[in-house]
Visitor: 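Input: one structure, supplied below.
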Amino acid sequence: MLQLAFIRNNKEKVVEALKKKNFKDLELIEKIIEADDNRKNLQFQSDEKLAQRNTASKDIGALLAQGKKEEAEAKKQEVSALKASIDEISGKLAETEALLEGLLLRLPNLPNDLVPTGLTAEDNEVVRTHGDIPKLYEGAVPHWDLITKYDLVDFQTGVKITGSGFALYKGRGAKLQRALIQYFLDYNIAAGYTEYVPPHVVNYASAFGTGQLPDKEGQMYHMALDDLYLIPTAEVPITNIYRDEIIPAAELPKKMTAYTPCFRREAGSFGKDVRGLNRVHQFDKVEIVCITHAAESYAVLEQMVEHVERLIQSLNLPYRILRLCGGDMGFASAMTYDFEVYSTAQERWLEVSSVSNFETFQTNRMKIRTKDENGKSQLLHTLNGSSLALPRILASLLENNQTEKGIIIPEVLRPYFGADIIS
RNA sequence: GGAGACUUGUCCGAGUGGUUGAAGGAGCACGCCUGGAAAGUGUGUAUACCUCCAAAGGGUAUCGAGGGUUCGAAUCCCUCAGUCUCCGCCA
């Protein structure tokens with residue numbers, strides 16, 4: 001959620017930035033300012049009436065203490081008369097506040113100046129490409145065949161247990177998955193991130209805080225009986241650790257990491273994109289989240305990109321880094337880098353990480369602040385990224401490392417996996 | 001799941017209808033004291049919004065959350081959430 005004061009003071013800038021994000025409803029800005037004017041006006045009226053009531057009530061107390069009953073009664077009548085207009089104004093005020101909030105929630109975050117102009121994934125900027133695409137042997141196959149061949153993941157039984165898009169990892173497949181998680185977490189911890197195991201289920205306020213609600217309601221699994229949501233990413237519980245908190249400047253930046261399963265309904269997805277491990281309803285992911293001073297957030301974003309990049313390099317996977325264009329970015333993000341690894345047998349890039357700076361978009365909703373040197377509270381910036389999403393890493397790793405003898409396990413994983421090949 | 005107790009500021013803790021945004025204490029900050037420190041002592045120490053060019057000042061709201069009663073609610077009533085104790089169930 002954008003800050004009202006910023007919108008009011010930078011109207012033209014906001015409109016220009018929204019155009020870059022391919023946001024059409026530009027009249028919204030005027031509507032917001034109008035609603036805010038109304039709100040201020042109503043609040044002023046309401047405050048005035050309430051102040052009248054408060055002083056009168058105090059007078060009544062004083063009169064009663066002096067035993068002046070009749071005067072007190074007269075005052076009571078006076079205040080009673082005030083009540084109707086107080087109710088009317090505060091009703092209007094509440095309405096206007098709700099309207100304003102509703103309008104503000106429709107505004108996406110503004111893209112950073114560095115974000116390229118563009119509408120679709122075609123317009124994303126390739127920042128760099130790294131690693132050689134391996135030449136596979138003649139009988140090389142996509143990962144969905146490899147997992148069957150080596151008995152690593154069983155989709156049919158996943159369907160039986162739950163439904164399509166739920167995978168049953170098995171034997172060496174399960175262990176490889178666990179090895180990756182362990183390796184990723186250790187790597188993050190070594191870089192100064194604090195590990196958490198958060199709840200995998202969150203309430204409305206948490207899902208609202210990071211921006212999943214109200215807009216993306218259909219993307220999350222909702223448990224109606226308890227009104228709770230399965231997390232679509234660890235970002236949600238982890239960022240919400242500091243919801244409604246003022247973090248002392250000395251404790252910044254906060255660097256957190258967590259492994260969690262992620263649950264996504266993926267309504268509307270179909271076709272070859274969803275084949276095998278490419279897109280599933282439940283997947284494992286190790287996430288990193290940072291909370292920083294506004295002035296440092298872009299430096300932190302670059303650090304996070306470098307951090308994720310070294311992790312992918314350590315697995316010897318060919319990858320490229322994209323800076324998403326305005327039209328392809330998420331609603332809440334000010335700048336996003338996507339990491340894609342090459343899936344050699346499928347001959348396509350698979351997104352395995354998305355690293356974003358949300359600036360104050362989330363902290364404004366969550367009221368995550370710090371105190372500046374003047375003692376004034378300032379919204380902090382939040383950032384997060386995957387390090388990494390497991391299924392597509394697994395897919396790419398299986399496809400790129402397949403040989404006639406079996407699948408070669410990258411060196412860094414061998415201590416965790418306990419073997420150097422799956423044969 | 002059943003019964004009961006509880007939820008106040010950074011923390012502890014007082015407060016059962018009337019200048020209580022909230023006693024007292026601790027912590028913290030600044031000053032005095034000191035060669036320096038401790039002790040002592042003085043002052044200050046929430047958040048949001050409105051008013052204002054800004055500052056100062058003023059106003060409003062907030063005592064778990066939401067609603068209600070009342071001229072007036074931290075205090076009374078209702079709903080919900082959480083914490084603790086006992087019972088039940090259970091990995």
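Throughout, a chain's letter reflects where its sequence line sits, starting with A, and its residues are numbered from 1. Keep in mind that the numbers below use all heavy atoms, side chains included, and drop hydrogens, waters and symmetry copies.
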Visitor: How close or far is atom P of B:U10 from atom CD of A:Glu251, stated in whole angstroms?
Guide: 15 Å
Visitor: Side chains of A:Tyr298 and A:Asn112: any donor to acceptor distance under 3.5 Å?
Guide: yes
Visitor: Please list all pairs meeting salt bridge (Lys or Arg N to Asp or Glu O under 4.0 Å) that have one or both residues in residues 321-339 of chain A, counting only residues at least two apart or in different chains.
Guide: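 Qualifying pairs, neighbours excluded: A:Glu125-A:Arg323.
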Visitor: Rounded to whole angstrom, note down the C1' distance from B:U75 over to B:A14.
Guide: 13 Å
Visitor: If you look only at pairs with a residue in residues 195-215 of chain A, which of them pass as a salt bridge (Lys or Arg N to Asp or Glu O under 4.0 Å), with sequence neighbours excluded?
Guide: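 Output for this query is empty, none listed.
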Visitor: Rounded to whole angstrom, note down the C1' distance from B:G18 over to B:C76.
Guide: 15 Å
Visitor: Salt bridge or not for A:Glu73 and A:Lys76, using N-O below 4.0 Å?
Guide: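 The answer is yes: the pair qualifies as a salt bridge.
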Visitor: Tabulated below should be each protein N or O lying under 3.5 Å from an N or O of nucleotides 59-65 of chain B; please produce it.
Guide:
unit_1 : atom_1 : unit_2  : atom_2 : d
B:G59  : N2     : A:Asp47 : OD2    : 2.9
B:U60  : OP1    : A:Asn54 : ND2    : 3.3
B:U60  : O2'    : A:Asp47 : OD1    : 3.2
B:A61  : OP2    : A:Asn54 : ND2    : 3.4

Visitor: Where the side chain of A:Phe44 is concerned, which of B:A48, B:C71, B:U51 is the nearest nucleotide?
Guide: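 Selected nucleotide: B:U51.
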Visitor: In whole angstrom, give me the gap between the P atoms of B:A22 and B:G40.
Guide: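 Approximately 27 Å lies between the P atom of B:A22 and that of B:G40.
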Visitor: Tell me: CD of A:Gln3 to P of B:A48, nearest whole Å?
Guide: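 Roughly 12 Å, once rounded to whole Å.
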Visitor: Whole angstrom is fine here: how far is it from CG in A:Asn203 over to C1' in B:G82?
Guide: 12 Å
Visitor: With the threshold set at 4.0 Å, does a side-chain nitrogen-carboxylate oxygen contact exist between A:Lys367 and A:Asp244?
Guide: no
Visitor: Determine whether the side chains of A:Gln177 and A:Asp284 contain a donor N or O and an acceptor N or O closer than 3.5 Å.
Guide: yes
Visitor: side-chain hydrogen bond (donor to acceptor under 3.5 Å, both in side chains): which pairs involve residues 408-423 of chain A, sequence neighbours left out?
Guide: A:Asp186-A:Tyr416
Visitor: Take A:Lys75 and A:Asp36, find for each the nucleotide of RNA chain B with the closest heavy atom, and name the residue whose nucleotide sits nearer the 5' end.
Guide: A:Asp36
Visitor: Passes side-chain contact (heavy atoms from CB on, under 4.5 Å), A:Val159 versus A:Phe166? Steps please.
Guide: CA-CA 6 Å; A:Val159 169; A:Phe166 290 89; over 6 Å; no
Visitor: Rounded to whole Å, how long is the line connecting atom CD of A:Gln77 with atom C1' of B:C71?
Guide: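 Atom CD in A:Gln77 sits about 9 Å away from atom C1' in B:C71.
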Visitor: Find which nucleotide of RNA chain B each of A:Lys76 and A:Lys367 is nearest to by heavy atoms, and output the residue with the more 5' nucleotide.
Guide: A:Lys367
Visitor: In whole Å, measure the gap between the P atoms of B:G44 and B:G25 for me.
Guide: 13 Å
Visitor: Rounded to whole Å, please give me the gap between CZ in A:Arg369 and P in B:A46.
Guide: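 Rounded to the whole Å, the gap is 14 Å.
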Visitor: Assess the side chains of A:Tyr229 and A:Gln212: does a donor N or O sit below 3.5 Å from an acceptor N or O?
Guide: no
Visitor: What integer number of Å spans the P atoms of B:U62 and B:U69?
Guide: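 Comparing P positions in B:U62 and B:U69 gives a spacing of 16 Å.
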Visitor: Do the charged groups of A:Glu245 and A:Arg369 touch, with an N to O distance under 4.0 Å?
Guide: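 A salt bridge is absent here (no side-chain N lies under 4.0 Å from a carboxylate O).
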Visitor: May I ask you to decide whether A:Glu306 forms a salt bridge with A:Arg310, counting only side-chain N to carboxylate O separations under 4.0 Å?
Guide: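 Looking at A:Arg310 together with A:Glu306, the answer is yes, because their closest N to O distance falls below 4.0 Å.
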Visitor: Between A:Tyr183 and A:Ser314, is any side-chain donor less than 3.5 angstrom from a side-chain acceptor?
Guide: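 A:Ser314 and A:Tyr183 do have a side-chain donor-acceptor pair below 3.5 Å.
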Visitor: When you check the gap from the basic side-chain N to the acidic O, do A:Lys20 and A:Glu16 get nearer than 4.0 Å?
Guide: no
Visitor: How close or far is atom C1' of B:U70 from atom NZ of A:Lys58, stated in whole angstroms?
Guide: 17 Å
Visitor: Stem list for RNA chain B, please, built from Watson-Crick and G-U wobble pairs under 3.5 Å and keeping only runs of at least 3.
Guide: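 Expected stems, ordered by start: B:1-7 with B:81-87, B:10-12 with B:24-26, B:27-32 with B:40-45, B:46-51 with B:57-62, B:64-68 with B:76-80.
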Visitor: What are the residues of residues 80-93 of chain A, sorted by number, that bring a heavy atom to within less than 4.0 Å of RNA chain B?
Guide: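 Within residues 80-93 of chain A, the residues near RNA chain B are A:Ser80, A:Lys83.
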Visitor: Which whole number of Å gives the distance between the C1' atom of B:G82 and that of B:U8?
Guide: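 To the nearest whole Å, 15 Å.
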Visitor: C1' atom, B:A74 versus B:C63: distance in rounded Å?
Guide: 5 Å
Visitor: Taking atom C1' in both B:A65 and B:U7, what distance in whole Å separates the two?
Guide: 11 Å
Visitor: Between A:Ser57 and B:U70, is there a side-chain N or O to OP1/OP2 distance below 4.0 Å?
Guide: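 It does not, given that no N or O in the side chain of A:Ser57 lies less than 4.0 Å from OP1 or OP2 of B:U70.
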Visitor: Using atom CG of A:Asn38 as one end and atom P of B:C49 as the other, report the distance to the nearest whole Å.
Guide: 19 Å
Visitor: Whole angstrom is fine here: how far is it from CG in A:Asp37 over to P in B:C50?
Guide: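 Spelled out: CG on A:Asp37 to P on B:C50 is 11 Å.
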Visitor: Between A:Arg39 and B:C50, is there a side-chain N or O to OP1/OP2 distance below 4.0 Å?
Guide: yes
